[in-house]
Amino acid sequence: MKVLKNIFPFFIALLVTPALLLAQSNSTSIEQRADSLYQNYYEEQALELYSQILEQEPDNFKALWRSSFLYSRIGNRFDDEDKQKKYFNKAIDLAKRALAVDSTNTHSNFVMSVAMGRKALISGASERVAAARDIKKYVDRALKYDSTNAGAWHVLGRWHFKIANLSWIESVAADALFGGVPKGASNEKAAKAIEKAIDLHDDYLLYYYDLARVYDEMGQEQKTISLCKTALSKPSVSPDDDEIKQNCRELIEDVQ
């Protein structure tokens with residue numbers, strides 16, 4: 001009888017262990033496919049797989065921050081503002097969950113700055129100004145934890161550009177609600193930050209277009225045109241690249 005008692009747990013282990021290994025293997029396989037899709041800009045398919053991972057592993061850090069980033073990117077392509085808001089709110093929610101898992105990681109802070117920035121662009125003047133302070137907080141943290149995060153440098157550049165060129169309505173809202181606009185923003189700082197992003201990741205077309213916009217605002221026509229032509233010379237990789245190239249062509253026409 002004692003022998004049977006000792007053998008019984010052994011047989012249970014034999015039954016349970018393969019099931020656990022199979023579950024782990026399936027999870028790993030899904031994550032590998034999701035990562036490959038993400039890296040090759042098949043973004044909707046990658047998001048679907050990361051969502052499956054989160055159903056099984058709600059605290060999977062990579063799936064959380066990458067899903068947040070993908071919701072921000074995909075949502076930005078909609079023309080319907082209600083759809084955009086739905087996606088950006090989901091991106092913020094996932095970024096909050098990623099921050100709850102690891103608040104000292106560059107990625108969780110970066111995707112929160114992106115999600116908040118995207119939502120701010122479709123919000124009213126007071127909401128945009130209110131969000132500006134939090135966006136700066138999160139992007140600063142992202143760079144604190146990894147100064148080689150190209151995306152964070154880009155967000156920082158966009159932040160400087162936006163704050164340095166606030167509309168009259170936004171300036172009034174800032175004065176009324178917050179005692180003025182955040183200090184220290186400038187087009188020069190915007191240019192330096194986006195140039196840093198390009199140094200770190202020189203194949204991302206959006207960086208060139210956004211930097212060209214900064215130089216256009218600064219009245220530097222040759223740099224504006226040169227950056228746009230550089231973007232046009234690069235292959236289209238992401239789903240947004242063809243539209244970015246068209247924006248570059250239009251900016252060249254406007255400048256010339």
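Please read all numbers here as calculations on a predicted model, not as lab measurements.
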* For Leu121, the rest of its hydrophobic cluster, which grows through side-chain links under 4.5 angstrom -> none
* **Ile252 side chain reached by Arg249 side chain, heavy atoms, under 4.5 Å** => no
* Asked: Any Lys/Arg nitrogen of Lys137 or Asp134 sitting under 4.0 Å from an Asp/Glu carboxylate oxygen of the other?
  -> yes
* Asked: In terms of hydrophobic clusters joined by side-chain contacts under 4.5 Å, are Leu211 and Leu200 together?
  -> no
* **Check: Leu64 main-chain N/O paired with Ser68 side-chain donor or acceptor under 3.5 Å** => no
* Under a 4.5 Å side-chain heavy-atom rule over Ile, Leu, Val, Met, Phe, Trp and Tyr, are Ile53 and Tyr42 clustered together? -> yes
* Are the side chain of Ser36 and the backbone of Gln32 linked by a donor-acceptor contact shorter than 3.5 Å? -> no
* **NZ/NE/NH1/NH2 to OD/OE distance under 4.0 Å, Arg66 and Asp35** => yes
* **Hydrophobic cluster membership, Trp153 vs Ile244, 4.5 Å side-chain cutoff** => no
* Within-4.5 Å side-chain heavy-atom neighbours: Lys196 and Lys192 -> no
* Structure fact -> Grouping ILVMFWY residues whenever side-chain heavy atoms fall under 4.5 Å, the cluster of Tyr145 otherwise contains none
* Any donor-acceptor N or O pair under 3.5 Å, side chains Ser108, Asp102 -> no
* Just grab all the side-chain hydrogen bond (donor to acceptor under 3.5 Å, both in side chains) pairs involving residues 74-91, residues at least two apart or on different chains. => Glu43-Arg77, Asn76-Arg118, Arg77-Asp240, Asn89-Lys119
* ILVMFWY network linking Trp159 to Phe161, side-chain heavy atoms under 4.5 angstrom -> no
* Asked: Considering residues, nucleotides and ligands other than Phe61, do more than 12 of their heavy atoms fall under 6.0 Å from its CZ?
  -> yes
* Count the heavy atoms belonging to other residues, nucleotides or ligands that lie under 6.0 Å from CD of Glu44, then report whether that count exceeds 12. => no
* To do: Report yes if the side chains of Lys62 and His107 come closer than 4.5 Å at any heavy-atom pair, otherwise no.
  => no
* **Atom of Ala152, atom of Val139 and distance for their closest heavy-atom approach** => O-CG2, 3.1 Å
* Any donor-acceptor pair under 3.5 Å from Lys245 side chain to Lys234 backbone -> yes
* Is the shortest heavy-atom distance from the side chain of Asp216 to the side chain of Leu251 under 4.5 Å? -> yes
* Side-chain ion pair, Lys136 and Asp140, N-O less than 4.0 Å -> yes
* To do: Could you tell me whether Gln39 atom CD has more than 12 heavy atoms of other residues or ligands within 6.0 Å of it?
  => yes
* **Min side-chain heavy-atom separation Ser238-Arg73 under 4.5 Å** => yes
* Asp146 side-chain N/O to Asn105 backbone N/O, donor-acceptor pair under 3.5 Å -> no
* **Plane angle bin for Tyr204 and Tyr207 - parallel if under 30°, tilted between 30 and 60°, otherwise perpendicular** => perpendicular
* Asked: For Tyr138, is the NZ or CZ atom of Arg141 found under 6.0 angstrom from the centre of its six-membered ring and inside 45 degrees of the ring axis?
  -> yes
* Asked: Is it the case that Gln56 and Gln52 place a side-chain donor and acceptor less than 3.5 Å from each other?
  -> no
